[in-house]
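Here the structure comes first, spelled out in structure tokens, and everything after it is commentary.
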Amino acid sequence: MAESTPFLWTGNHPATDLCNTESVIGGVRVDLLPDFDAVWAWASLAGVASRGDPIDVTEREAARTLGFARRLRAALRSALDPTIAGPGAVDALNRVLGEAPGVVQAQPPSGRTGVALAGSTPAAQLRLDIAAATVDIFRHDRRRIRRCAGPTCVLLFLDISKSGRRRWCDMAVCGNRAKVAAHHARTRAS
């Protein structure tokens, strides 16, 4: 994505990009979703929600949506991160997904499937859109979902490389650190 945002877009999928809204920078945990406006901004930039001004929601609905996004992020990380995923993680994810009920509706033909999931309010629709976009990752080979090989990095990504051997969240950041460390180790050894 060309525009400057606080979000990290190295995950290659909305699910991993949502997980990456909680990161560790300089040894400090950073939550890039501090409020409803950040959830809206992330969803808009991720292509999950339509761009434009944030929807008008009550304080209660904003808090509910923020809480849902954070619970979904945690459940996704538990289900997707190969270093921590365990039994029951998908069941926990499904419990969170159950908080975003919707109704299946037929849509006039528009080049898409002709079917949509509809929420009862704009905030409910946003929660439903985020849930639907992120759970789509389960259509991919789970072995292609990886955690960055950087020892202090917690970022996840969907490896869409042809070889299927991607190791780093971003070659320019974690990959470069590993190359520099390997170079220094070789230099010290000789």
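Predicted model only: the values in this text are computed from it and were never measured. All values below come from the heavy atoms of this structure, side chains included, with hydrogens, waters and symmetry mates left out.
With sequence neighbours left out, the salt bridge (Lys or Arg N to Asp or Glu O under 4.0 Å) criterion links R167 to no other residue. A search for side-chain contact (heavy atoms from CB on, under 4.5 Å) contacts involving V104 returns V115, L117, not counting sequence neighbours. In this structure N20 satisfies the side chain to side chain donor-acceptor pair (under 3.5 Å) test with no other residue, sequence neighbours excluded. T121 meets the side-chain contact (heavy atoms from CB on, under 4.5 Å) test with E61, A123, A124; sequence neighbours excluded. Legend: residues meeting side-chain contact (heavy atoms from CB on, under 4.5 Å) with Q105, ordered by chain and number and at least two apart, are V103, Q107, A118. Partners of R166 under the salt bridge (Lys or Arg N to Asp or Glu O under 4.0 Å) rule, at least two apart in sequence or in another chain, do not exist in this structure. Every residue meeting the side-chain contact (heavy atoms from CB on, under 4.5 Å) condition with A41, not counting sequence neighbours, appears here in chain and number order: F7. The side chain to side chain donor-acceptor pair (under 3.5 Å) search around T65 returns R127, not counting sequence neighbours.
Screening residues 134-143 for salt bridge (charged side-chain N to carboxylate O under 4.0 Å, His left out) gives D136-R139, D141-R143 as the qualifying pairs, with residues at least two apart or on separate chains. The ring-ring contact (aromatic ring centres under 6.0 Å, His included) contacts involving residues 115-148 comprise H13-H140, where partners must be two or more places apart or lie in separate chains. The list of side chain to side chain donor-acceptor pair (under 3.5 Å) pairs with a residue in residues 22-35, not counting sequence neighbours, reads E22-R29, D31-R70, D31-R73.
Clustering ILVMFWY residues whenever any of their side-chain heavy atoms sit less than 4.5 angstrom apart, transitively, puts I160 in the very cluster that holds L18. Hydrophobic clustering places L76 together with L156 (ILVMFWY residues linked when any side-chain heavy atoms are closer than 4.5 Å, directly or through intermediates).
Using modelled atom types, one side-chain atom of D159 and one backbone atom of R165 make a donor-acceptor pair closer than 3.5 Å.
Proximity of L72 to T134: side-chain heavy atoms (C-beta onward) are separated by under 4.5 Å at one or more points.
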Kindly indicate, with the supporting measurements, whether the criterion side chain to side chain contact (heavy atoms under 4.5 Å, CB included) is fulfilled by L45 and W9. CA-CA 10 Å; L45 293 168; W9 303 108; 3.6 Å; yes
Step by step, would you call W42 with L32 a side chain to side chain contact (heavy atoms under 4.5 Å, CB included)? CA-CA 9 Å; W42 177 86; L32 301 176; over 6 Å; no
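Nearest heavy-atom pair across F36 and A62 is CB-CB, 3.7 Å. Minimum interatomic distance between V96 and A75 (heavy atoms only, all atoms of both residues): CG2-CB, 4.0 Å. The shortest non-hydrogen separation linking S78 to A89 is O-CB, 3.5 Å. Between G102 and L128 the shortest heavy-atom distance is CA-CD2, 3.7 Å.
With side-chain heavy atoms closer than 4.5 Å counting as contact, directly or through intermediates, the hydrophobic cluster containing V154 also holds V24.
Test N12, T10, L80, D17 against L158 for side-chain contact (heavy atoms from CB on, under 4.5 Å) and you get one pass: N12.
Between atom CG of residue L126 and atom CD1 of residue I130 there is a gap of 4.0 Å, rounded to the nearest 0.5 Å. The CZ atom of R146 lies 13.5 Å from the SG atom of C169; values are rounded to the nearest 0.5 Å. To the nearest 0.5 angstrom, L66 atom CG is 10.0 Å from D37 atom CG. We find the CH2-CZ distance between W168 and R147 to be 13.0 Å, quoted to the nearest 0.5 Å.
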